[in-house]
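Naming convention: chains lettered A, B, ... in sequence-line order (proteins, then strands); numbering from 1 in each chain.
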2 protein chains.
Amino acid sequence: MSRRPLTIGRLASAAGVNLETVRYYERIKLMPPPARTASGHRAYEEGHIRRLAFIRRARELGFSIEQIRTLLALAEPTRASCAEVQEVAQTHLDEVRAKLADLAKLERILAETVARCSGDPAPSCPVLDILTTQKRA
Amino acid sequence: MSRRPLTIGRLASAAGVNLETVRYYERIKLMPPPARTASGHRAYEEGHIRRLAFIRRARELGFSIEQIRTLLALAEPTRASCAEVQEVAQTHLDEVRAKLADLAKLERILAETVARCSGDPAPSCPVLDILTTQKRA
DNA sequence: CCTGCACCCCGTAGCGGCTACGGGTGCAAG
DNA sequence: CTTGCACCCGTAGCCGCTACGGGGTGCAGG
């Protein structure tokens with residue numbers, strides 16, 4: 001119920017997004033071009049906050065810009081289909097799981113290797129050993 | 001024990017790295033500029049393979065280019081100090097663990113949400129709900 | 001000897017998803 | 001009236017490559 005004009009700065013902080021990012025989203029047509037004041041300043045409405053907040057939460061959940069484009073289209077009131085949304089989300093979940101597995105493997109190797117470090121100013125080091133060892137994927 | 005000249009293509013495949021990436025590493029001074037044949041082709045030596053393979057393994061372990069620069073300096077035979085190497089690796093391990101934790105949280109939220117999808121062409125969808133819900137970090 | 005082809009040369013632009021910079025207006029409070 | 005912030009715009013930079021285009025080189029087969 002704010003009466004102040006919805007400038008880009010206010011929109012950005014209302015949605016918890018960087019101001020420059022809002023302009024970027026407009027450039028790549030993720031956000032629609034808003035109305036302008038006589039002097040050319042952007043004038044947003046409540047709906048823009050909701051859209052931007054949606055985008056922000058989707059980004060936090062790691063969805064790509066293109067996936068968000070799809071989700072936004074599917075989120076249109078007339079259009080919503082849980083099955084189609086589920087497909088996008090499942091694809092993303094699969095990608096997240098793949099990255100997670102990779103990162104976990106990495107963590108294990110690094111943790112084991114670092115743990116074997118003496119911490120001495122010695123010339124032999126397990127970390128360098130693992131990087132120098134001839135092993136091919 | 002190969003007698004064939006070590007061209008960039010051979011070096012790249014010996015170390016398991018893309019050819020363009022080798023030239024990129026040279027541009028950013030991660031690989032030293034090699035000797036050249038009369039016609040200007042790069043002529044590498046065995047040492048270059050070892051250095052490039054080191055870089056590749058470090059990249060696979062997720063070290064940044066700048067971290068690798070440091071590791072390569074510390075790996076110099078005269079220079080090696082396990083304590084200093086350990087510090088770089090520990091920093092990287094901390095970063096990996098932070099990403100891992102974030103990604104795990106993400107995975108849980110996505111998995112839970114997707115699991116609640118009906119799969120119907122219904123207008124209500126848990127995935128859209130979570131993106132539309134007003135919650136601020 | 002000539003042709004064809006793989007390999008090499010170089011510089012530059014593109015990817016994703018922003019972020020920063022620079023130089024210019026608009027506008028409101030003190 | 002002046003200060004100073006918020007906004008305007010276009011462009012370049014970040015990381016770590018990858019791709020593209022338009023050439024030149026080197027070697028094997030015919």
Residues forming a side chain to side chain donor-acceptor pair (under 3.5 Å) with Thr37(A), sequence neighbours excluded: Ser39(A)
Strand contacts (DNA chain C) in residues 21-43 of chain A, 4.0 angstrom heavy-atom criterion: Thr21(A), Tyr24(A), Tyr25(A), Arg27(A), Ser39(A), His41(A)
Heavy atoms of other groups near Glu87(B) CD, more than 12 under 6.0 Å: no
Glu112(A): salt bridge (charged side-chain N to carboxylate O under 4.0 Å, His left out) partners, not counting sequence neighbours: Arg108(A)
d(CG, Leu11(B); P, dC9(C)) in whole Å: 11 Å
Whichever of Glu20(A) and Ser64(A) has its nearest DNA chain C nucleotide further upstream toward 5': Ser64(A)
Phosphate contact (dC7(D) OP1 or OP2) by Thr7(A) side-chain N/O below 4.0 Å: yes
Arg56(B) CZ to dG16(D) P, straight-line distance once rounded to whole Å: 17 Å
Length of the CD-C1' vector between Glu95(A) and dG16(C), whole Å: 13 Å
Glu95(A) and Lys99(A) ion-paired at < 4.0 Å: no
Separation of atom CG in Leu6(A) from atom C1' in dC7(D), rounded to whole Å: 14 Å
Residue pairs passing the side-chain hydrogen bond (donor to acceptor under 3.5 Å, both in side chains) test where at least one lies in residues 14-34 of chain A, sequence neighbours excluded: Glu26(A)-Arg42(A)
Rounded distance (Å) that lies between atom P of dG26(D) and atom CD1 of Ile8(B): 15 Å
Salt bridge (charged side-chain N to carboxylate O under 4.0 Å, His left out) involving Arg59(B) - partner list, sequence neighbours excluded: none
Residues in salt bridge (charged side-chain N to carboxylate O under 4.0 Å, His left out) contact with Arg97(B), at least two apart in sequence or another chain: Glu107(A)
Contact list for residues 29-59 of chain B, test ring-ring contact (aromatic ring centres under 6.0 Å, His included), sequence neighbours left out: Tyr44(B)-His48(B)
Closest-nucleotide 5' rank along DNA chain C - winner of Leu19(B) and Asn18(A): Leu19(B)
Integer-rounded Å distance: dG16(C) P and Arg69(A) CZ: 10 Å
Whole-Å gap separating P (dG16(C)) and NE2 (His92(A)): 16 Å
For Asp102(B), all residues meeting side chain to side chain donor-acceptor pair (under 3.5 Å), sequence neighbours excluded: none
Divergence of helical axes at both termini of the helix from dC1(C)-dG30(D) to dG30(C)-dC1(D) - five pairs an end, 10° steps: 20°
